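Here is the structure we will look at, set down as structure tokens.
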Amino acid sequence: MCKQYNKKQLSIMFSTLFVGMLSTSSVSAEIAVIVNAANSSALDKNAIEKIFMGKMKKFPNGQVALPMNAAKSMNSRKEFNKAVIGRSSSQVNAYWSKLVFTGKGSMPKELSSDAEIISTISSNQGAIGYIDSGSVTGAVKVIAKF
Amino acid sequence: MKYFKRTLSTLLVSSTLISGYVCADVKISGFGSIVAGRTLDDVTLDNVGYDWSQPPSAANPPSITREQILTADFYDVGQYNNDFSFRPETVFALQIVADMGENLKVTGQLVAKGVDDFSPEFDWYYLTYQATDELTLMAGRRNIPMYYFSEFSEVGYAYPWMRPPSNLYWWQVTQFNGVHAMYDFSLGDFSNTISFFYGNEYSNDNKEMKYYDELYGGTARSVNEFWTDIMGMNWNLSGDFFDVRFVYFQNDRDREVIAQDGSIGDYTPFSQKFLGFGGTVDLAMFTFLFDWNLVTYDDANGTEFPTYLISAVYNMDELHPFISYSKADHKREKRTNTEDYEEHYMLSYGIRYDFHPSASFKIQYDKFVDEAVPESGWRYHGDSDTVTIGVDFIF
């Protein structure tokens, strides 16, 4: 069987959780949707939503899209679902549960920190994710902000 | 357990086949519901235990009183009565998906239910082959895609209520072994999936049919229910704010009522057609859910079962109060009396509270009204008032 988390990832997860708990009262942060630097696709909000809901499986250039979710505990997940999908995280999870448990779809992979999302996207041409705007680095390309 | 053995051997065979992989990509996820409830009162005016030598009429109304019963799960005969119980609907399921590479996956769902004393069974097991980006082929055991909520009727987390209205989801067969071909395509801004399916279900020792046999004073050892040549299609259309589905399928029906001495009762096979249109629509703060269905038999009675469901949910952040109305009717178009058979509706309301990203708390009240006239002999449900409380979760 594959190991799901290593110790470092776990500690990142717990610290994210901890920070998340401390900052629950903070105002909503701006979310940046990011893709691989080599990805030249232009996507509007509707297209981003479709990719994260499993309704669009490829970028306009034909590249298979690999959406990456932030961990359930991360604030960016909540913000992204609200701003782009237009639903609460629970509603999005409910939508996915009917697909996952009938074999009609796989939920986007979950990553546990903005740094991990950036590193995954910078090394996968088809990957797409979202992070807090403040975490953006030159390793990835921002295609939209919400 | 018979399925367990079969699946175990399938798993063993497949694990031998893939032993060359260092690490097969195996994902484990799951869902469940811990639900408890009870009916609130007693009921008369039902046909159970009635003395049919003096048929019920207005002058001779049924007088036997018993506890109210709500059948929350027909297929598994999960029923609430006056005793507060976790048994009828509590369920725990593990889904194991092994990606074998080369576009081939195997999925198994190990399900433990209160009604089966939590003895786990592989209820679902199927292979998925991604033939092209648009075409998915599946083979194995899955739920029949009948009603809009049929395929995920046990995933409580996926819908607002405690359960899809049980007075519609009443069939004695819900699963089958078969093949599916699903084709995805876009029409303008809308996503479409058309799927065709074919399969059979030989439900030996059917729990629901045995229950009815006993209810009407029968002494059958077992009832075997056969749904064969199940053949049909689903068309799913979804846009930004809606998801609707059209379904048509047909199949042959046969039954063996096996008496204590092993003899098999007479039964005239027939075929049935299932037609339906259902879905969900999000409008501002509201979600509307609906399903309309018509089942017709080509039997001597011209049997028809028109059913429908309408429901509205008001979405606040974590709170989702809902109301639903579901109506089921039974007609016999080739009889002089076409109307007076099984007929009932359920009015349900409650609230879903998403207290956690992967779990929700629900409380629901169901008013079941049995509208069959006593003389018909079809008044076997009886009215009931039921309260259920539960938590649905996914992981």
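Just so it is clear: chains get the letters A, B, ... in the order the sequence lines come, proteins before strands, and each one is counted from 1. All figures in this text were calculated on a predicted structure; none of them were measured in a lab.
Residues B:M138 and A:G103 approach most closely at SD-O, 4.3 Å, considering heavy atoms. The two residues B:S191 and A:K55 have their closest heavy-atom pair at OG-CB, 3.5 Å. The two residues A:T102 and B:Y126 make their nearest non-hydrogen contact at C-OH, 3.7 Å.
When each of B:T193, B:D240, B:T128, B:N143 is checked for heavy-atom pairs under 4.5 Å with chain A, B:D240 comes out on top. By number of non-hydrogen pairs under 4.5 angstrom with chain A, the leading residue of B:S360, B:S358, B:G30 is B:G30. Among A:S88, A:A94, A:S89, A:G86, the residue with the largest count of heavy-atom pairs under 4.5 Å with chain B is A:A94.
If you measure heavy-atom distances from B:S29 to chain A, the contacts under 4.5 Å come from both the backbone and the side chain. Contacts of B:H320 with chain A are made by side-chain atoms alone, with heavy-atom separations under 4.5 Å and no backbone atom involved. Only the side chain of A:R87 comes within contact range of chain B, with at least one heavy atom under 4.5 Å from a heavy atom of that chain. When heavy atoms are compared at a cutoff of 4.5 Å, A:V100 approaches chain B by way of both its backbone and its side chain. Interface residue B:Q109: only side-chain heavy atoms are found under 4.5 Å from chain A. For a residue to count as touching a neighbouring chain, one of its non-hydrogen atoms must lie under 4.5 Å from one of that chain's; by this rule B:D392 does not touch chain A.
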Would you check, one step at a time, whether the test salt bridge (charged side-chain N to carboxylate O under 4.0 Å, His left out) holds for A:K57 with B:D133?
CA-CA 8 Å; A:K57 290 173 178 120; B:D133 286 338; over 6 Å; no
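Between the A:Q91 side chain and the B:N315 main chain, no donor and acceptor come within less than 3.5 Å of each other.
Exactly one residue among B:F31, B:F152, B:Y157, B:Y159 makes a side chain to side chain contact (heavy atoms under 4.5 Å, CB included) with A:S97. That residue is B:Y157.
Within the 4.5 Å cutoff, side-chain heavy atoms of A:K50 are placed close to those of B:D189. When side chains are defined from C-beta on, A:F101 counts as touching B:I394, because their heavy atoms get closer than 4.5 Å. When side chains are defined from C-beta on, A:K104 does not count as touching B:N236, because their heavy atoms never get closer than 4.5 Å.
Going from atom NZ of B:K27 over to atom NZ of A:K109 covers 8.0 Å, rounded to the nearest 0.5 Å.
For A:K98, the NZ atom counts as densely surrounded, since its 6.0 Å shell holds more than 12 non-hydrogen atoms of other residues, nucleotides or ligands. In this structure, B:Y198 places its OH atom where more than 12 heavy-atom neighbours from other residues, nucleotides or ligands lie under 6.0 Å away.
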